[in-house]
**Q** 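Sending over a structure as structure tokens; questions will come in a sec.
Hydrogens, waters and symmetry mates are skipped; everything else that's a heavy atom, side chains included, is used. Start at 1 with the first residue, then count along the sequence.
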Amino acid sequence: MTIRVLLADDQALLRGTFRMLFDSTDDMETVGEASNGQEALELARAERPDVVLMDIRMPEMDGLDATRHISESADLAGVKVLVLTTFEDDEHVAEALRAGASGFLGKGARPEELLDAVRTVASGEALLSPSATRSLIGRFLAQPDPCPAGVHERLGCLTPRERDVVGLAALGLSNEEIAERLFVSPLTAKTHVNRAMTKLAARDRAQLVVIAYQCGLVSPAAESGSSQAPL
């Protein structure tokens, strides 16, 4: 299946480079280019891409607002957003997660990393690197948000093992790393994560991390995942 990608970045040269990369890859194609968030939203509605590669800082409407509009639109439920940003310098990582982004990647990523990230997000998984997770933790420590309405009532439905898995996922660990910590198979770890997402009504793994910190299911720890991996 061909993954349909929409490019949203105010730098024409960068969009052109991405287009050449995606269009030369067998399982991907570029379906449009947007120079600002408003254009990205309009093209997302017109083209229904699988993945929007979204820059955060753009004129007219920035990538955060565009991501929020996409994630809140029922008719765009199948459109995933992969935010292209600089982890260490960007203070909007947590806000973008809350807005509905399914993953993050640095602009210095290698071409093969970008392609893998697009495939990961298109498959329905979330992509968070240790850097993004640390930034997320820092933001919640500084400006904690209230737990979304109704979530506290659902927390009691989580089993002790599901709570353990959510806590490890919130530190940026992959299913394989969670499995090693808990001495279970990666498939079992993924099953626990998926069940927790269903019980907490999290749209994807990225939102599960947000809920974990907002509701106190997990407290920030010094340790995070050891490598970038789909969650």
Side-chain angles (χ1 to χ4, degrees), residues 2-73 76 78-123 125-136 138-139 172 204 206 228-231:
T2 301
I3 300 172
R4 306 173 72 251
V5 183
L6 171 64
L7 307 176
D9 196 294
D10 60 349
Q11 298 183 42
L13 181 59
L14 196 56
R15 295 198 309 272
T17 301
F18 288 149
R19 175 182 281 274
M20 287 175 25
L21 175 63
F22 293 134
D23 290 349
S24 64
T25 302
D26 292 339
D27 61 340
M28 296 183 192
E29 67 172 336
T30 304
V31 297
E33 296 184 27
S35 61
N36 59 63
Q38 184 61 45
E39 289 180 2
L41 180 58
E42 293 171 357
L43 282 172
R45 288 173 172 154
E47 299 293 340
R48 297 296 197 280
D50 298 303
V51 177
V52 179
L53 188 62
M54 185 81 74
D55 187 24
I56 288 183
R57 296 182 177 89
M58 292 186 291
E60 296 189 36
M61 178 188 292
D62 64 22
L64 294 175
D65 284 338
T67 297
R68 188 174 297 107
H69 283 297
I70 290 172
S71 67
E72 292 177 351
S73 298
L76 297 178
V79 178
K80 306 295 183 181
V81 176
L82 175 62
V83 171
L84 199 65
T85 185
T86 304
F87 298 132
E88 291 80 7
D89 298 332
D90 201 324
E91 296 182 354
H92 303 298
V93 171
E95 188 175 351
L97 276 176
R98 288 193 295 266
S102 292
F104 297 87
L105 199 66
K107 287 192 174 181
R110 298 189 302 274
E112 58 269 24
E113 290 177 322
L114 176 57
L115 295 175
D116 286 343
V118 170
R119 294 185 183 104
T120 295
V121 171
S123 71
E125 299 289 342
L127 189 86
L128 295 174
S129 78
S131 296
T133 303
R134 285 193 295 270
S135 178
L136 171 68
R139 291 282 290 174
D204 60 21
Q228 180 170 289
L231 298 181

**Q** Nearest heavy-atom pair of Leu64 and Ala99: which atoms, and what distance?
**A** O-CB, 3.9 Å
**Q** Between Ile56 and Val83, which heavy-atom pair has the shortest distance, and what is it?
**A**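 Scanning both residues, the minimum pair turns out to be CG1-CG1, 3.6 Å.
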**Q** According to side chain to side chain contact (heavy atoms under 4.5 Å, CB included), who are the partners of Ser73, at least two apart in sequence or on a separate chain?
**A**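 Checked Ser73 against side chain to side chain contact (heavy atoms under 4.5 Å, CB included); matches are Arg45, Asp75, Leu76.
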**Q** Distance check, rounded to the nearest 0.5 Å: Asp62 atom CG versus Gln38 atom CD?
**A**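 The CG atom of Asp62 sits 11.5 Å away from the CD atom of Gln38.
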**Q** When rounded to the nearest 0.5 angstrom, what distance separates OG1 in Thr2 from CZ in Phe22?
**A** 13.5 Å
**Q** How far does OG of Ser24 sit from CD of Glu29, to the nearest 0.5 angstrom?
**A** 13.0 Å
**Q** Within the 4.5 Å heavy-atom criterion, are Leu53 and Asp9 side-chain neighbours or not?
**A**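 SC-SC contact between Leu53 and Asp9 ruled out.
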**Q** Any heavy-atom pair between the side chains of Met28 and Val118 that's under 4.5 Å?
**A**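 Counting from C-beta outward, Val118 and Met28 do come under 4.5 Å.
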**Q** Residues in salt bridge (Lys or Arg N to Asp or Glu O under 4.0 Å) with Arg15, at least two apart?
**A**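 Salt bridge (Lys or Arg N to Asp or Glu O under 4.0 Å) check on Arg15 returns Glu33.
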**Q** Nearest 0.5 angstrom please: Leu84 CG to Phe104 CZ, how far?
**A** 11.0 Å
**Q** Mind listing the closest non-hydrogen atom pair of Met58 and Gly37 along with its distance?
**A** CE-N, 3.7 Å
**Q** Using 0.5 Å steps for rounding, measure from the CZ atom of Arg19 to the CG atom of Leu14.
**A**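 Interatomic distance, Arg19 CZ to Leu14 CG, rounded to 0.5 Å: 13.0 Å.
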**Q** When rounded to the nearest 0.5 angstrom, what distance separates CD1 in Ile70 from CE in Met54?
**A** 4.0 Å
**Q** Where do Ala117 and Leu105 come nearest, in terms of heavy atoms and distance?
**A** CB-CD2, 4.0 Å
**Q** Counting distance only, does the side-chain N/O of Arg119 pair as donor-acceptor with the main-chain N or O of Asp27 below 3.5 Å?
**A** no
**Q** Work out which heavy atom in Pro49 is nearest to a heavy atom in Val79; give both atom names and the distance.
**A**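 Smallest heavy-atom distance, with atoms named: O-CG2, 3.4 Å.
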**Q** Is the backbone N or O of Met61 less than 3.5 Å from a side-chain atom of Asn36, with the two atoms forming a donor-acceptor pair by type?
**A** no
**Q** I'd like to know if the side chain of Asp23 reaches the main chain of Thr30, judged simply by a donor and an acceptor atom lying under 3.5 Å from each other, with no hydrogens or angles considered.
**A**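 Judged by distance alone, yes, a pair lies under 3.5 Å.
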**Q** Mind checking whether Pro59 and Asp10 have side chains closer than 4.5 Å, heavy atoms only?
**A**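 Side chain of Pro59 against side chain of Asp10, heavy atoms only: contact under 4.5 Å found.
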**Q** Looking at every heavy atom in both Leu82 and Gly103, which two are closest together, and how far apart are they?
**A** CD1-C, 3.6 Å
